[in-house]
Amino acid sequence: MIKISSNKIIDKIINSSRATIEEIVYLLEADNSQELFEAADRVRHDICGDAIHIRGIIEFSNHCRCSCLYCGINNRNKKLVRYRLTTDEIVSIAKEAYDVGYKSIVLQSGEDMHYDADIVSSIIKSIKSFGDVGVTLSVGERDYEEYKQWKKDGADRFLLKHETADENTYNYLHPHSSFKRRLECLHQLNELGYQTGSGFMIGLPDQTLETLAKDILLLQELDVAMAGIGLFIAHDETELKGYPSGSSLLTLKCLAITRILLKRPHLPTTTSLEVKDFNNRHNAFSTGANVIMKKLEPYKYRKLYDIYPNPTIKEKTILEERKEVEDYINKIGRYVSKTPGHAIVI
Ligand code: SAH
């Protein structure tokens with residue numbers, strides 16, 4: 001085989017916004033990713049600018065009807081203490097965050113049917129009434145009519161990761177649902193006009209570099225406005241207990257390739273990346289990321305939103321945490337976005 005240089009492939013992908021599975025695999029396999037990372041940083045600068053969007057996430061319920069094999073809040077985990085925040089609690093946390101500068105609130109939970117369409121609607125409407133604030137939902141697979149109602153009531157975005165583009169692996173990891181159903185939901189969300197986000201995990205069982213290439217190409221096919229690309233971390237109360245965690249470096253490569261190929265999506269430095277190695281947060285910001293998510297709910301709930309093992313951290317107020325991340329952003333030579341950071345259209 002003729003040796004091709006990473007540089008040529010990178011330039012081709014940037015200029016044509018097209019990539020083959022083989023080209024992506026080549027970049028994922030490369031020992032030295034310096035050129036890829038620098039290219040991703042340039043594209044990020046040209047398309048998104050130097051702003052970093054801070055999204056506040058409220059993990060409002062850890063009840064879940066699903067049995068995802070990797071997830072600590074799966075419904076078979078009987079050891080987990082379950083919690084639900086009330087509408088008033090959610091809205092008052094969002095207000096506190098809005099008052100200290102958050103312009104973007106993500107509402108995430110397990111698939112908890114306790115929050116019916118009208119409860120979710122009333123939360124969306126209350127938060128939207130604060131002013132210029134974006135609302136993102138991440139509540140899993142629901143009926144088309146519910147998605148439709150929430151969009152009408154003001155929700156701007158919806159995050160529903162495809163988790164893996166390998167249909168067999170997807171179906172094995174999600175015994176309660178199917179890959180086809182996941183894609184159906186994603187298409188519905190797009191059709192309804194949500195700024196739709198998807199994403200995937202690095203390090204799932206049987207994953208190959210080809211799978212990761214397909215993951216990135218699926219993000220492109222879905223024309224996502226945002227993508228969460230995070231490494232898998234094994235949780236003791238799941239079927240995947242003891243399974244090795246994903247690689248941070250491979251995660252950063254996936255993020256960088258997504259940036260040079262798709263260009264416009266908002267790409268967060270994902271929490272699981274930070275958990276594994278705090279320093280990688282900086283790396284993600286220099287390899288294509290332009291978003292960071294900060295948890296907002298009280299600490300007693302954060303511990304129970306136990307998707308993957310989280311280290312215990314010192315308790316701070318929403319204001320203190322906001323200041324800390326703002327200082328960090330300024331320190332790395334970027335600036336804090338003052339807008340809700342809606343989808344970038346190119
Ligand atoms: N119920 C919602 C929210 C899911 S939790 C939904 O279905 O969309 C948010 C994300 O956490 C998931 O999409 C998944 O990518 C990630 N996640 C779950 N378990 C994980 C683990 N063990 N390691 C890394 N990420 C995990």
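Every number for a ligand or one of its atoms is a count from 1 in the order of the listing. Please read all numbers here as calculations on a predicted model, not as lab measurements.
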Inset, instruction - Could you establish whether His235 and ligand 1 come within less than 4.0 Å of each other, counting only heavy atoms on the residue side? - result: no
Legend entry - Ser109 heavy atom under 4.0 Å from ligand 1: yes
Considering only heavy atoms, does [X] approach ligand 1 within less than 4.0 Å through its side chain, its backbone, both, or neither?
X: Thr238; value: neither
X: Gln108; value: side chain
X: Arg65; value: neither

Inset, instruction - Please say which of Tyr70, Phe200, Phe179 ends up in a ring pair (Phe, Tyr, Trp, His ring centres under 6.0 Å) with Tyr170. - result: Phe179
Legend entry - Lys161 NZ: over 12 foreign heavy atoms closer than 6.0 Å: yes
Inset, instruction - Mark yes when over 12 heavy atoms from residues, nucleotides or ligands other than His45 sit less than 6.0 Å from its NE2; otherwise mark no. - result: no
Legend entry - Centroid separation His114 to His63 less than 6.0 Å: no
Legend entry - Minimal non-hydrogen separation, Ser104 against Arg55, with atom names: OG-CD, 2.9 Å
Inset, instruction - Of all the heavy-atom pairs spanning Asn190 and Thr196, show the shortest one and how long it is. - result: OD1-OG1, 3.1 Å
Under 4.0 Å from any heavy atom of [X], which atoms of ligand 1 are there?
X: Leu160; result: 8 (O)
X: Arg182; result: 6 (C), 7 (O), 8 (O)
X: Phe232; result: 22 (N), 23 (N), 24 (C)
X: Tyr70; result: 18 (C), 19 (N), 20 (C), 21 (C), 22 (N)

Legend entry - Option whose closest heavy atom lies nearest to atom 23 (N) of ligand 1, chosen from Ile73, Ile233, Asn62, Ile307: Ile233
Inset, instruction - Determine, considering heavy atoms only, which of Glu163, Glu141, Glu59, Lys161 sits nearest to atom 12 (C) of ligand 1. - result: Glu163
Inset, instruction - State the CZ-OH distance between Arg142 and Tyr147, to the nearest 0.5 angstrom. - result: 8.5 Å
Inset, instruction - Would you give the length of the straight line joining atom CD of Glu221 to atom CG of Leu219, rounded to the nearest 0.5 angstrom? - result: 10.0 Å
